[in-house]
Amino acid sequence: MGQSVYAVEASNLSFRYHGAENFTAPFSFDLQQGKAALVCGNSGTGKSTMARCICGLIPHLYNGELQGLAKLFGMQTTATPLYQLSKRTGFLFQNPYNQHLMPKIESEILFGLESLGVAEKEAKLRLDQVVQLFDLEGFLQRNPNSLSGGEQQKLALACVLARKPDLLVLDEPLSMLDTSSASNLVSCLKKYAQSGGSVLCFEQKPEYFGGWDDLQRLWLSNSCEKETAADLLSSFCPAPGQIIDGIETRSLRLTYANKAVIDGIDLSLPSGKLIALIGPNGSGKTSLLRVLAGFQKSQGEYFIAGQTSGQQNKPRLNMVAQNPDMQLFCPTVKQEMLFGLQKLNCTIYTEILRALNLNVYENSQPLLLSEGEKRRVALATAIMHQQSSGLLLDEPSLGQDSSHKQMLLCILRRLAECGWFILFATHDLELAKEADWMLAIKEGKIIRQGQPKKLMKTNELWDELGLVLPPWLYGSADET
């Protein structure tokens, strides 16, 4: 039998996780060797599941029921050992936290090469190439867990690309990257395909692939119709635990390994507004949120409703983390949302469940949901605990399609109208553009702030941040 001309063959591929109620919609397509394909779809349609099925992680590592057939280079995934499939395939998880094994970044990249038996000289050459490609110089001796989410995603990409697999299967590789890094990665993937590699990318941001003419485009869908958040939230107004005027910081500073990741920040931010925080990967966005949430000790002061960060019984800001796996631990979505509540408001519970499109998952295990769905569960839990006075959200739109982003904006704006303090960090400029106020951070310093639509029009902002403004945002801002 001759070698298959297809890198991927999928026929009526569908999967149901153990404990889940439904199968994913059947998925069929072929990808020729040396070609590239982009698979898009709404949140929860099964993109991550299909990616795992195609590369063989399902059924070898995930429990459930598989239907249909998948082949990689002619090898049937169910009948071929995973180690053999992985020799020709590189897989990137949507959540990079799930992909790191070693205590140092250098050894993390070299680990995959050593497992393939790559010679030491060649391994060093590949290490240098991906380190330069993803701007990881100066990070090689650091622990991967010390990196920002975007930097961890760059590291995971570096590890995959260093192996030079015949096929790349990427699950939302742009989700945590700033605009410059995302644009550079798409260019890199295009060159990879032009050099003979095969690329299969599952992504929520098809706009970054607009100039790739010979890219095969596919769409995953389901039959679920969602009520709009605006319809569901007309009377929704959970009161915060304590009304606050906002927050104020004075000379806020945080150091890590003798480097200032937050460097003397002075801020005065009001409640009742949507405030966006943008900046390059590793600029200090997550660190600032963690300090304000009380998770990280810092120098300087911050005030909530006039109380300093050291006072007892101060108002509380709940944080929805970038990685929802860190916050979810109950066996069902319902138990997660109700955990620790002394008094249940059934009306608020029902409204939040429906507004976040989680009612069909009420009895599902949270960690079996998609990344976007898990983030919505974490948000729902934070809103339910109304002893808080506001929300700090780290990359809340990751894994969300456009309709869920609009749902998110509607919910956050409704909370702000009810008096909550709302601050979210994001690389999603479409989301940031809809905020009332925007902060731009670089190297731990707030370099600019103002109304998002006006700030985004200024070339000086993007020059200072070292980021590109994506072309689909050009001319979309309204300066009035």
Side-chain angles (χ1 to χ4, degrees), residues 43 226-247 267-278 285 289 292-293 304 315-320 337 345 347-358 372 375-386 388-440 449-456 473 476-480:
S43 176
K226 297 182 283 287
E227 299 172 274
T228 66
D231 294 334
L232 294 170
L233 295 174
S234 57
S235 61
F236 174 75
C237 194
Q242 179 178 338
I243 298 292
I244 64 174
D245 295 330
I247 67 166
L267 285 174
S268 181
L269 302 173
S271 294
K273 302 289 184 181
L274 295 190
I275 304 170
L277 176 65
I278 69 165
K285 297 185 297 297
L289 295 185
L292 297 179
I304 303 177
R316 174 181 168 187
L317 301 177
N318 269 357
M319 182 169 172
V320 181
M337 291 176 62
N345 185 322
T347 300
I348 295 295
Y349 169 75
T350 302
E351 288 181 335
I352 293 174
L353 201 67
R354 293 180 61 207
L356 285 167
N357 195 32
L358 293 171
R375 282 179 170 81
R376 298 204 297 276
V377 174
L379 174 59
T381 302
I383 297 173
M384 281 298 297
H385 287 71
Q386 295 171 44
S388 66
S389 302
L391 288 178
L392 306 168
L393 304 102
D394 197 359
E395 299 286 0
S397 65
L398 291 185
Q400 310 294 347
D401 55 53
S402 58
S403 64
H404 282 103
K405 287 180 189 179
Q406 290 302 313
M407 172 198 301
L408 173 67
L409 278 169
C410 185
I411 290 172
L412 295 183
R413 191 165 297 284
R414 192 77 180 107
L415 292 173
E417 291 171 354
C418 297
W420 290 53
F421 175 82
I422 306 292
L423 172 63
F424 63 90
T426 186
H427 288 301
D428 189 334
L429 297 182
E430 291 280 4
L431 187 71
K433 183 166 64 103
E434 299 302 319
D436 302 305
W437 195 253
M438 188 172 78
L439 309 171
Q449 58 179 302
Q451 295 178 353
K453 293 179 182 179
K454 290 185 177 180
L455 273 184
M456 287 184 177
L473 280 179
S476 62
D478 180 5
E479 298 205 42
T480 60

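When a residue number appears, it is its place in the shown sequence, counting from 1.
Contact detail for Ser271 and Gly419: the closest heavy-atom pair is CB-O, 3.8 Å. Taking both residues in full, the closest heavy atoms of Leu391 and Leu379 are given as CD1-CD1, 3.8 Å, listed atom of the first, atom of the second, then distance. The two residues Met456 and Leu429 have their closest heavy-atom pair at CE-O, 3.4 Å. Contact record, Met384 with Met337: CB-O, 3.6 Å, taken as the closest heavy-atom pair. Shortest non-hydrogen contact noted between Pro452 and Ala435 is CG-O, 3.4 Å. The two residues Leu317 and Phe421 make their nearest non-hydrogen contact at CD2-CD2, 4.2 Å.
Atom CD of Gln406 and atom CD of Glu430 lie 9.5 Å apart (nearest 0.5 Å). His427 contributes atom NE2, which lies 10.0 Å from atom OG of Ser397 (distance to the nearest 0.5 angstrom). The distance from the CG atom of Leu277 to the CG atom of Leu292 is 9.5 Å, given to the nearest 0.5 Å. From Leu269, atom CG reaches atom CG of Asp245 across 12.5 Å, with rounding to the nearest 0.5 Å. Considering CH2 of Trp420 and CD1 of Ile244, their distance stands at 10.5 Å, rounded to 0.5 Å. For the atom pair CG of Leu398 and NZ of Lys405, the computed distance is 9.0 Å after rounding to the nearest 0.5 Å.
Within the 4.5 Å cutoff, side-chain heavy atoms of Arg413 are placed close to those of Asp436. Counting only heavy atoms from C-beta outward, the side chains of Ile275 and Pro270 approach each other to under 4.5 Å. In this structure, the side chains of Val320 and Arg375 stay at 4.5 Å or more apart for every pair of heavy atoms. With a 4.5 Å cut-off on side-chain heavy atoms, Ile352 and Ile411 do not count as touching. In this structure, the side chains of Met407 and Gln400 stay at 4.5 Å or more apart for every pair of heavy atoms. Looking only at side-chain heavy atoms (C-beta outward), Leu409 and Leu431 come within less than 4.5 Å of each other. Annotation: side chain of Leu267 is in contact with side chain of Gln449 (closest heavy-atom distance under 4.5 Å). No side-chain heavy atom of Glu434 sits under 4.5 Å from any side-chain heavy atom of Leu274.
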Using the rule given for side chain to side chain contact (heavy atoms under 4.5 Å, CB included), can you reason through Leu393 versus Ile422, listing the C-alpha separation, both sets of side-chain angles and the distance that settles it, and then say yes or no?
CA-CA 8 Å; Leu393 304 102; Ile422 306 292; 4.1 Å; yes
Run the side chain to side chain contact (heavy atoms under 4.5 Å, CB included) test on Leu353 and Tyr349 for me, step by step, so that the C-alpha distance in whole Å, both residues' side-chain angles and the decisive distance to 0.1 Å come before the verdict.
CA-CA 6 Å; Leu353 201 67; Tyr349 169 75; 3.9 Å; yes
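In summary, the side chains of Ser403 and Asp401 do present a donor paired with an acceptor at a separation below 3.5 Å, with no hydrogens or angles considered.
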